[in-house]
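Notes follow once the structure below has been shown.
As the structure lists them, so they are numbered: ligands from 1, and atoms in each ligand from 1.
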Amino acid sequence: MSEAYRCSDARAGRGARARLSPHALLSPQQMGSADRAAPAAGVPGVRLMEAAGAAVARAVQERWAPTRVLVLCGPGNNGGDGFVAARLLRDAGWPVRVALWGSRDALHGDAAWAADSWGGPVEPAVPGSLDGAGLIVDALLGAGLSRAPADELQALIDAVNAAAVPVCAIDVPTGLDGASGRCPGAAIRADLTVTFCRRKPGHLLLPGRALCGALACADIGMPDAALESIVPEAYANHPDLWSEAFPWPRSDGHKYHRGHVLAVGGERMTGASRLACLAAARIGAGLVTLAVPPAAWAIQAGALASVMVEALPPDGALARALADPRRNALLIGPGLGREPRGKSQVLELLASGRSCVLDADALSVFSGQPDALLQALHAQCVLTPHEGEFARLFGPVTDGAGGGKLRRARDAARRSGAVVVLKGADTVIAAPDGRCIINDNAPPTLATAGSGDVLAGCIVGLLAAGMPALEAACAAVWLHGLAADRLGWGLLAEDLPGALPGALAVLADMVRDSGEACSWRT
Ligand SMILES: NC(=O)C1=CN([C@@H]2O[C@H](COP(=O)(O)OP(=O)(O)OC[C@H]3O[C@@H](n4cnc5c(N)ncnc54)[C@H](O)[C@@H]3O)[C@@H](O)[C@H]2O)[C@@H](O)CC1
Ligand SMILES: [K+]
């Protein structure tokens, strides 16, 4: 696997010429600075714009049969891309009209050059412009979006969305903030979005991902020198980023080499801790022990085979369960319940200093009073809140939370000193050092009871087997999404642990095909 993300790469990017990972996600502002730096690196802006417009024209011709194209151009360089694409589609024999939102005289720089190169008629862009169009190219606004589209532009956006005409958006659908994936106002829904150089966080975060339709990222010849000083906003989750640290079983291995998970469960909701423990065992932990209140011991022991079950003392103290230092990775939360005892159990696990995953009730018992928890956390801890649990720990989403989900997860990781997995269809994994990874392989079927328990088990299983916290969280989220995707419609959380071997096999093939041997599949 090439181009793995490591913090050192990012730091190296500031000094040595570190090639920027293909999974790096750059903000629109970072792309703007790269655009401005390109000429000094020998690539003038107009060449980038010509390449961008050509990528759009190519993508359109690959996806649609020739039809009457309407290119809606805006007042900036996004519009410039549109003029180039219009010219190239016309040169390819397609019937093309260009409608400009804004005045021709106001175009400047590269965009003015592009409009001149089009050389054809330019009509004012109004909702009526759409009449007769068989395909719309959205070149109204791109990385330069700075506020909610105002009335006239909103009317145009609404007309595009109301027309039953396919849309190809350039860079980002108009109205979408490429940095956060949010829309300050109305936004165009595209069938295809063609972006350049690297994807933006807004292409993976919701609702941005849903507005883009299919996403293509074209290389427009941006010189490395214009990128080398950029530390990415985030990364798209991919095995390239963490497969080097993946704890494949070694041919000379022993179960103790693969760590021992200690999971603490509760009296009720016994299925949650079972799901988590089975996932931990499936994904790679050598041993898994589930410690539960005496009242739940018989149920759990009767339901589990390879997962060992032991009864906690009546007061729920964990000293005996923690006595064996080989129990190197801890999980608490699934099925724990909300009794006050849970809070002291969480703090007892954290005091051991071992790797620890806190999920569900282990987070909710600190609702509204996070300080005791935040002070006890350390860098080998992983928190796995959904939005509700997150808000109860770190405060509600405020409209001013600029940067959206990415910013909130990053701030929470910094504040807590732990890895934060802010779950959702666009799960964000953030580390205290600022690294952020956005996952986009989760199918909607994962929105089912118990899937979070399975994810928590996957994370703690990889921690037990020796994976660092951030990499373990990223790998677990990716495998969890892939396992669900392979199960298809109608999945239940209890199907997920059994689907992990298939997901692991896909990962193993990807790793091996990339030239790295998986130690057990040489
Ligand atoms: N040579 C270059 O600079 C290249 C730039 N690229 C294109 O350039 C785009 C960025 O161009 P710009 O920075 O000119 O910005 P845009 O073309 O995205 O926006 C144009 C202008 O619209 C105004 N605006 C922003 N939000 C608005 C709103 N809600 N209502 C009304 N007006 C609004 C702003 O003044 C903004 O500068 C990228 O998205 C990409 O398509 C690519 O062609 C790559 C090369
Ligand atoms: K656009």
(Q) Less than 6.0 angstrom from the centroid, inside 45 degrees of the normal: does R90 satisfy that with respect to the ring of W118? (A) yes
Check: Looking at ligand 1, does W101 have a heavy atom less than 4.0 Å from it?
Finding: yes
Rounding to 0.5 Å, atoms CG (L507) and CG (L500) come to a distance of 11.5 Å
*Do I459 and T384 have side-chain heavy atoms sitting under 4.5 Å apart?*
yes
Exercise for the section: Would you check whether G45 has a nitrogen or oxygen atom less than 3.5 angstrom from a nitrogen or oxygen atom of ligand 1? Expected result: yes
| field | Main-chain N/O of A412 paired with S416 side-chain donor or acceptor, under 3.5 Å | value | yes
Worksheet entry | Heavy-atom protein contact below 4.0 Å for atom 18 (O) of ligand 1 | yes
The O(L141)-the K ion (ligand 2)-O(V172) angle, to 10°, is 90°
Given the protein's heavy atoms, is any one of them under 4.0 Å from atom 43 (O) of ligand 1? yes
Closest to atom 24 (N) of ligand 1 by heavy-atom distance, out of R147, E152, R47, is R147
Ligand 1 atoms nearer than 4.0 angstrom to some heavy atom of G142 are 16 (P), 18 (O), 39 (O)
re atom 34 (C) of ligand 1, the protein heavy-atom contact at minimum distance is G144 O, 4.0 Å
When distances are taken from atom 5 (C) of ligand 1, the protein heavy atom at minimum range is D35 OD2, 3.3 Å
The salt bridge (Lys or Arg N to Asp or Glu O under 4.0 Å) partners of R199 (sequence neighbours excluded) come to none
Within 4.0 Å of some non-hydrogen atom of A148, the atoms of ligand 1 are 29 (N)
Checklist entry - N/O to N/O below 3.5 Å, does that happen between L141 and ligand 1? => result no
For G76, the atoms of ligand 1 under 4.0 Å from one of its heavy atoms are 14 (O), 17 (O), 20 (C)
Quiz item: Does a side-chain N-to-carboxylate-O contact under 4.0 Å join D433 and R414?
Solution: no
In ligand 1, the atoms that come under 4.0 Å of a heavy atom of I220 are 44 (C)
The atoms of ligand 1 lying under 4.0 Å from a heavy atom of D171, numbered in the order shown, are 38 (C), 39 (O), 40 (C), 41 (O)
Work out whether the distance between some heavy atom of S146 and some atom of ligand 1 is less than 4.0 Å.
-> yes
For atom 9 (C) of ligand 1, the closest protein heavy atom turns out to be N78 N, 3.5 Å
Heteroatom distance test (A143, ligand 1): nitrogen or oxygen, under 3.5 angstrom: yes
Requested in this report: Ignoring angles and geometry beyond distance, decide whether N77 reaches within less than 3.5 Å of ligand 1 through its nitrogen or oxygen atoms.
Outcome: yes
Do other residues, nucleotides or ligands put more than 12 heavy atoms under 6.0 Å from the CG atom of D91? yes
Does R198 pair with D219 as a salt bridge, N-O distance under 4.0 Å?
-> no
Look at atom CZ of R189 and say whether more than 12 heavy atoms of other residues, nucleotides or ligands are closer to it than 6.0 Å.
no
Here the atoms of ligand 1 under 4.0 Å from any heavy atom belonging to A52 are 43 (O)
Checklist entry - Is there a donor-acceptor pair under 3.5 Å between the side chain of Q61 and the backbone N or O of A57? => result yes
Between D138 atom OD1 and I170 atom O, the angle centred on the K ion (ligand 2) rounds (to 10°) to 140°
By salt bridge (Lys or Arg N to Asp or Glu O under 4.0 Å), D110 pairs with (sequence neighbours left out) none
So the atoms of ligand 1 within less than 4.0 Å of a heavy atom of P75 turn out to be 22 (O)
Using the rule given for salt bridge (Lys or Arg N to Asp or Glu O under 4.0 Å), can you reason through D359 versus K423, listing the C-alpha separation, both sets of side-chain angles and the distance that settles it, and then say yes or no?
CA-CA 11 Å; D359 180 48; K423 294 186 292 193; 3.4 Å; yes
So the atoms of ligand 1 within less than 4.0 Å of a heavy atom of P149 turn out to be 29 (N)
CZ (R392) and CG (L363) are apart, to the nearest 0.5 Å, by 9.0 Å
At under 4.0 Å between heavy atoms, what of D81 touches ligand 1? The answer is side chain
**Request:** Would you please say whether a donor-acceptor pair under 3.5 Å links the side chains of K405 and S180?
**Result:** no
